[in-house]
Protein chains: 2
Amino acid sequence: MAADVSAAEQRLFSFVGGAIGAWSVVEIRPVRGPVLADVARLEVVQETSPAMPGGEGWVLKGVTSNIRYATTIEQGELRSLQAGLGRSEATCAALIPIRKTSAWWDLPQDERRAIFEEQSRHTRIGLRYLPPVARRLHHCRDLGTAEPFDFLTWFEFAPDYAGAFDDLLAELRATTEWSFVEREVEVRLSR
Amino acid sequence: MAADVSAAEQRLFSFVGGAIGAWSVVEIRPVRGPVLADVARLEVVQETSPAMPGGEGWVLKGVTSNIRYATTIEQGELRSLQAGLGRSEATCAALIPIRKTSAWWDLPQDERRAIFEEQSRHTRIGLRYLPPVARRLHHCRDLGTAEPFDFLTWFEFAPDYAGAFDDLLAELRATTEWSFVEREVEVRLSR
């Protein structure tokens, strides 16, 4: 059972916003719904119960999980193009927590897939920005605890690519899928 | 935020096997992999941290979540046919915890869907046993804690239907999907 325990815990990440951490918070942009409290720094930790930061700090938790929408072909393209986190040149990062509406979650799988890709071209858009933008998706909705968001996406890229990253966000926010987003915050960081 | 907190917590259920509880354990059948410890009774609770039963008791946790594979048509058929839990005549129950292999979880969505329905006809098989068998599916894999199973399915039916319920389980276990099951236990109960 030891191997199972460690595998499950390795999928849980906590994003701790407060006074300390490896990443400096450049800006916290409200996109939709309530913004997060202003903090100076952010740390990404793999601890099941990280220390709660003092003051106005916050902890957002999420687990990496199985692919929910990508097909065999799409997953193959993603795997062949995507870069890993922690590249030395990728000194810019963004944490984008999102919450979708209950209308989204009540849809059957085929309708969510159709909105995700056939209408919104989510994967197609994302692929055009690989490999410069590295990405890891975390799921919060099924943690069993009261979480303020459904997803936390973490992005890393080089400073020269910041303008293109803004374009990526603008493209995704213009899709039909985004009409189901009821809360979104954009935390921009550097190290 | 109060509404969100209560909605998230209402999706989390704990199945507590021990000396007390509304359900009497008739039998715990090993199906594949390690069985669960023998207990006399079982209680289903909506508490985030239920008391751990003494002795050889156990607690299995899971959250109800969005539909992962069913299409619009399938979801419509399921909704029109399925009965609710707690019917007075449904004095038999079964708790079936299942863990799937990492090979299953590594598959893209379209391949999992194809095995689930096009090859294994999971929904088609289940529909034939509705409405006599009421069912609620709970997900454990993304709780962020080390859980021994990926799913907990809870079934309720009348005693006269126990033989048909055995047929349902036999049909599902003969599918291609079940070749991805690495642990399964069948807990049969009555009240």
Side-chain angles (χ1 to χ4, degrees), chain A residues 1-14 34 46-49 61-79 99-100 102 104-114 116-117 123 138-150 182-183, chain B residues 1-14 33-34 46 48-49 61-79 99-100 102 104-114 116-117 123 138-150 182-183:
Chain A
M1 295 292 286
D4 293 343
V5 170
S6 109
E9 289 181 349
Q10 275 171 13
R11 295 198 289 114
L12 180 68
F13 292 84
S14 296
Q46 280 187 286
E47 296 166 27
T48 49
S49 301
K61 294 184 299 176
V63 289
T64 60
S65 187
N66 57 292
I67 290 282
R68 302 294 166 92
Y69 300 109
T71 62
T72 313
I73 292 167
E74 290 160 356
Q75 185 169 323
E77 287 183 82
L78 288 166
R79 283 185 173 161
R99 183 182 184 91
K100 283 183 172 168
S102 56
W104 172 262
W105 295 112
D106 287 344
L107 290 174
Q109 177 70 21
D110 58 337
E111 292 190 28
R112 275 183 284 108
R113 158 74 198 178
F116 180 86
E117 194 56 29
T123 306
H138 311 77
H139 297 258
C140 329
R141 187 165 185 268
D142 290 340
L143 284 174
T145 47
E147 301 299 326
F149 297 98
D150 293 330
E182 65 178 18
R183 187 178 179 195
Chain B
M1 294 293 286
D4 293 342
V5 170
S6 104
E9 290 181 348
Q10 276 171 11
R11 294 198 288 115
L12 180 69
F13 292 84
S14 296
Q46 280 186 286
T48 49
S49 301
K61 294 184 300 175
V63 289
T64 59
S65 187
N66 57 291
I67 290 282
R68 301 294 165 91
Y69 300 110
T71 62
T72 313
I73 292 166
E74 290 162 356
Q75 185 168 325
E77 287 183 84
L78 288 166
R79 283 186 173 161
R99 183 183 183 91
K100 283 183 172 166
S102 56
W104 171 262
W105 294 112
D106 287 343
L107 290 174
Q109 176 70 23
D110 57 337
E111 291 190 28
R112 275 183 284 107
R113 158 74 198 180
F116 180 88
E117 193 57 28
T123 305
H138 312 76
H139 298 258
C140 328
R141 187 165 186 268
D142 290 340
L143 285 174
T145 47
E147 301 299 327
F149 297 98
D150 293 330
E182 65 178 18
R183 187 177 179 194

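Proteins get letters first, then strands, A, B, ... in listed order; numbering begins at 1 in each.
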Asks: Distance check, rounded to the nearest 0.5 Å: B:R68 atom CZ versus A:N66 atom CG?
Replies: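 B:R68 atom CZ to A:N66 atom CG measures 7.5 Å (nearest 0.5 Å).
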
Asks: Side chain, backbone, both or neither: which part of B:R112 has a non-hydrogen atom closer than 4.5 Å to chain A?
Replies: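 Answer is side chain: those atoms of B:R112 sit under 4.5 Å from chain A.
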
Asks: For A:E111 and B:T72, which heavy atoms make the closest approach, and how far apart are they?
Replies: OE2-OG1, 2.9 Å

Asks: Any side-chain heavy-atom pair from A:Q75 and B:D110 closer than 4.5 angstrom?
Replies: no

Asks: Side chains of A:R11 and B:D142, heavy atoms from C-beta outward: is any pair under 4.5 Å?
Replies: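 The answer is yes; the side chains approach within 4.5 Å.
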
Asks: How many angstroms lie between CD1 in A:I67 and CG in B:D106, if you round to the nearest 0.5 Å?
Replies: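 With rounding to 0.5 Å, CD1 (A:I67) is 10.0 Å from CG (B:D106).
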
Asks: Quick one: what part of B:I73 sits under 4.5 Å from any heavy atom of chain A, side chain, backbone, both or neither?
Replies: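 Neither the backbone nor the side chain of B:I73 comes within 4.5 Å of chain A.
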
Asks: Is there a side-chain contact between B:E74 and A:P108, using heavy atoms and a 4.5 Å cut-off?
Replies: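 No, side chains not in contact.
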
